[in-house]
Amino acid sequence: MKALPSRAQVVIIGGGIVGVSVAYHLAELGWTDVVVLEQGQLSCGTTWHAAGLVGQLRSTESMTRLIQYSADLYARLEAETGFGTGWKQCGSVSVARTPERMTQLRRTAAQARGYGVTAEIITAAEARELWPVMRVDDVVGGVWLPGDGKANPSDLTQALARGAQRRGVQVVERVRVTGVTVEDRVVRSVRTSEGEIEAEYVVNCAGQWARQIGRMAGVTVPLHSAEHFYVVTEPIEGVRPDLPVLRDPDGYAYFKEEVGGLVVGGFEPDAKPWGMDGIPHPFEFQLLEEDWDQFSIIMENAIQRVPALETTGVRTFYNGPESFTPDNMFLLGEAPEVRGFFVAAGFNSAGIASAGGAGRALAEWIVNGAPTADLWPADPRRFARWADNDTWLRDRVTETLGLHYAMSWPNRELETARPLRRSPVHHLLAAAGACFGSKMGWERVNYFGEAAPYSFGRPEWQPRVNAEVGACRTEAALFDQTSFAKFTLKGPDAAAALRWLCTAEVDVEVGRVVYTGLLNDRGGYESDLTVTRVAHDEYLIVTGSAQATRDFDVISKGLGEHRAVLVDVTSAYAVFSVMGPKSQEILQSVSKADFLAFPFGTSRLVDLGHATVRATRVTYVGELGWELYVPAEFAVTVYETLLATGLTQAGYYAIEAMRIEKGYRAWGRELGPEVTPAAAGLRFTCRKTGGYRGEERAMDDPGRHVVSIVLDDPEAHLWGGESLLHDGEPVGYVTSAAYSPTLGTTVALGFVHDATLEKAQVDVAGEMYSAQISRKAPYDPTSSRVKA
Ligand SMILES: Cc1cc2nc3c(=O)[nH]c(=O)nc-3n(C[C@H](O)[C@H](O)[C@H](O)COP(=O)(O)OP(=O)(O)OC[C@H]3O[C@@H](n4cnc5c(N)ncnc54)[C@H](O)[C@@H]3O)c2cc1C
């Protein structure tokens with residue numbers, strides 16, 4: 001065994017496919033002072049027993065591109081390293097058993113074409129031509145993806161390791177990491193069974209062990225193992241080596257050729273968690289016991305699809321544990337708790353497909369100090385400490401494994417391990433008939449009314465949401481927005497620190513509220529939020545529920561040497577919004593404060609019934625209105641006071657429809673790290689003098705522009721993600737959409753490459769709908785209605 005170095009620039013923990021891919025890409029970028037530590041042998045954890053499917057279709061553009069890159073890399077790796085990888089671009093066929101599934105396939109195919117992935121809708125007969133051993137009399141149709149492929153995971157791992165080693169990376173097997181030293185929130189070293197290695201960067205690529213390693217460093221890595229299965233059959237007549245991969249998601253099953261037989265695996269809807277008492281050691285090239293009961297739902301459906309399986313023997317039953325995350329997306333990026341400590345783990349049974357792209361993305365992040373693409377869907381900062389709870393994780397992964405082949409319904413909500421975080425008035429909302437969704441662990445009202453079945457067309461809940469929007473646009477509505485993330489920044493340098501971070505002027509008089517962007521060095525949005533100066537040396541910062549960890553991280557890292565302390569006060573306050581043309585008179589009826597002399601963009605403490613709350617005049621729905629910040633223990637009292645005025649209660653679907661009508665951008669949809677204020681049409685938030693982070697690049701035009709979209713056909717329904725075409729060519733895509741009861745048709749926001757575009761076609765599951773494109777909001781009620 002090689003002696004360990006006493007220091008390295010980067011130490012990677014874990015010699016699975018992900019760890020060696022990070023090493024390979026660091027070396028490719030010129031960073032070769034890198035050590036990979038593996039407690040057993042390369043690929044001995046989960047990688048060795050993966051089925052090796054590489055499917056490119058993902059729900060977002062950045063994730064699709066990441067896997068497209070994996071496929072490109074695997075195709076050339078053998079020539080580059082001299083190591084066989086088993087890569088075969090055999091293509092893949094997915095079939096639908098129901099019309100709804102077929103709609104889903106059509107939607108994803110349309111999306112894929114928008115991202116430059118070849119995807120062809122095929123009939124059941126055409127599917128059978130591509131995959132002759134399957135039965136198709138119960139198949140509605142399918143999609144053919146010729147660029148998909150398969151590879152041998154262990155061989156890929158060896159090839160990537162060899163590629164990294166050639167450039168100088170050290171790969172050391174049989175060294176176990178036992179601890180991580182952190183000083184002042186910065187990673188310093190890794191302690192191992194063979195001694196300590198000082199490191200500037202540590203990358204946790206420990207697969208299902210990554211939560212354990214995270215805990216060594218005080219870092220939250222929310223993942224949990226679940227048993228995952230496939231069988232390999234004896235040879236079957238007609239199964240040839242060039243057979244595409246077949247997916248039958250309605251039957252929970254996939255099929256891949258292997259030495260004349262089939263690998264038959266799948267994703268059962270109720271998964272079986274594993275490793276509740278930790279992962280035994282050693283666990284090397286090891287499998288778990290066969291469980292035919294758990295596998296039966298997959299096997300029965302597989303026999304329905306491939307009748308020959310009924311009479312074919314099974315050679316091997318593989319039951320290997322794999323790690324799953326609470327939302328079925330992997331974890332990639334720097335941990336917010338410790339600088340220099342990165343995570344690439346929790347690959348939800350797509351680690352082989354993702355490893356190439358994920359390894360490159362993480363290496364670029366480390367080398368450049370920032371990600372080079374929008375990696376938010378995989379960013380560990382989408383979770384927080386609360387997600388590191390063993391029991392919660394165990395209960396949640398029973399559901400996430402099955403999501404692979406579950407219907408990708410728009411607005412699909414996860415059901416397990418809920419409710420978790422509840423507003424103080426949750427019981428009042430429930431009593432009023434709320435239908436809840438969940439975000440960042442919070443229960444939030446989607447709308448008031450019975451839960452309705454999911455659909456791709458106009459949903460059954462639409463009339464309820466229309467009524468809530470109508471109430472808000474004509475009278476007023478009450479929203480519980482307690483899940484907002486809230487921070488205070490306090491200290492003598494609070495104003496100076498925020499001036500550097502914010503695009504808008506925040507050195508304002510006490511009591512002013514400012515909507516501002518927070519940019520990265522590339523001029524892209526790290527966040528957009530409101531900042532309220534509550535005292536000369538103190539600000540209240542309010543941002544989206546999902547961005548709590550991310551924004552806290554961005555702001556605290558951006559404070560530099562400034563004397564100011566950032567505290568997360570999310571749990572201290574409930575937030576109730578009263579929005580609508582009559583909000584003023586309604587609030588006036590329960591307060592002695594003067595709501596008539598209360599200008600837009602100001603905030604002050606007011607009495608409300610028996611309580612004192614902070615009222616802030618802003619709006620995200622385009623109406624006159626106030627957000628009320630209520631100390632948690634007063635929340636029920638205040639909410640009851642508001643309800644007694646007869647206000648209509650409303651939920652987040654109504655907010656979504658109204659903000660799109662008004663053209664308000666949302667971070668994570670229209671705004672993101674790659675979108676500048678110029679591209680977003682938000683130049684007005686950048687009128688400050690004196691410099692701010694990202695200023696030099698804020699007016700860059702990255703070739704795409706946020707626009708409003710209004711459908712000509714009032715019957716068509718959009719959900720977001722649809723491609724925009726002009727003369728048959730992709731010109732952009734939809735980011736957010738909702739039916740607008742105010743305009744009587746669907747409105748949306750999206751990106752287009754050409755800012756002058758006025759019309760486009762929207763591809764909805766292969767059907768084209770014409771739409772008007774504009775840089776102006778389709779509905780602007782503020783000018784006519786706001787009194788102040
Ligand atoms: C049955 C099954 C089928 C699958 N099929 C597919 C598929 O078709 N396509 C696909 O894309 N994915 C598939 N997967 C998923 C894929 O196998 C994983 O996502 C992938 O292998 C994860 O790679 P990794 O490098 O993150 O983890 P691992 O391969 O588990 O690597 C982590 C390594 O870290 C090491 N380690 C842990 N702790 C320490 C420590 N303290 N010190 C040093 N080293 C440590 C471990 O020994 C291990 O080798 C499948 C998984 C299973 C179980």
Side-chain angles (χ1 to χ4, degrees), residues 185 220 336-337 381-388 420-426 438-444 479-498 501-502 506 508 510-516 518 526-559 562-577 601-608 611-618 620 626-639 667:
R185 296 175 178 267
T220 304
E337 298 95 336
R381 293 174 296 180
R382 70 192 188 277
F383 295 110
R385 275 272 188 245
W386 55 262
D388 194 14
L420 185 63
R421 303 174 81 185
R422 282 184 252 195
S423 153
V425 299
H426 180 270
S438 114
K439 191 164 235 176
M440 194 68 165
W442 285 98
E443 292 296 311
R444 312 195 316 170
F479 303 87
D480 174 26
Q481 297 191 276
T482 298
S483 68
F484 271 150
K486 305 146 213 131
F487 315 134
T488 58
L489 183 71
K490 191 168 171 18
D493 295 343
L498 277 186
L501 285 169
C502 297
V506 292
V508 288
V510 172
R512 288 228 52 110
V513 186
V514 180
Y515 168 70
T516 179
L518 250 58
E526 285 297 308
S527 185
D528 71 323
L529 39 74
T530 60
V531 168
T532 303
R533 192 163 203 175
V534 295
H536 179 68
D537 62 349
E538 184 177 349
Y539 289 86
L540 172 67
I541 300 168
V542 179
T543 185
S545 321
Q547 289 144 254
T549 311
R550 181 189 174 103
D551 288 7
F552 191 89
D553 182 51
V554 169
I555 297 168
S556 48
K557 281 183 181 151
L559 292 178
H562 287 107
R563 292 163 303 157
V565 179
L566 186 69
V567 181
D568 186 330
V569 293
T570 302
S571 306
Y573 296 97
V575 183
F576 306 132
S577 301
T602 64
S603 173
R604 67 176 84 132
L605 292 177
V606 299
D607 67 293
L608 208 135
T612 302
V613 307
R614 170 168 292 284
T616 296
R617 190 170 151 203
V618 287
Y620 194 44
W626 280 263
E627 288 174 357
L628 305 172
Y629 291 82
V630 185
E633 69 273 33
F634 293 98
V636 174
T637 304
V638 168
Y639 202 76
W667 197 89

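Not measured: the values here are computed from a predicted model. Note that these values count all heavy atoms, side chains included, but never hydrogens, waters or copies made by symmetry.
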Side-chain heavy-atom pair [X], [Y] within 4.5 angstrom cut-off:
| X | Y | value |
| --- | --- | --- |
| V542 | L529 | no |
| R512 | T532 | no |
| K490 | D537 | yes |
| V567 | F487 | no |
| L420 | W442 | no |

Taking [X] for the side chain and [Y] for the main chain, is one N or O donor matched with an acceptor at less than 3.5 Å?
| X | Y | answer |
| --- | --- | --- |
| T570 | K486 | yes |
| R533 | V508 | yes |
| T516 | C502 | no |
| R421 | M440 | yes |
| Y539 | V506 | yes |
| S423 | V425 | yes |

>> According to ring pair (Phe, Tyr, Trp, His ring centres under 6.0 Å), who are the partners of F383, at least two apart in sequence or on a separate chain?
In response: none

> Can you check side-chain hydrogen bond (donor to acceptor under 3.5 Å, both in side chains) on S603 and R614, steps first, answer last?
Replying inline: CA-CA 7 Å; S603 173; R614 170 168 292 284; 2.8 Å; yes

>> Just to verify, what does T220 make a side chain to side chain donor-acceptor pair (under 3.5 Å) with, not counting sequence neighbours?
In response: E337, R385

> With sequence neighbours left out, what residues match P631 under side-chain contact (heavy atoms from CB on, under 4.5 Å)?
Replying inline: Y573, E633, F634

>> Can you confirm whether K439 is buried at NZ, in the sense that more than 12 heavy atoms of other residues, nucleotides or ligands lie under 6.0 Å from that atom?
In response: no

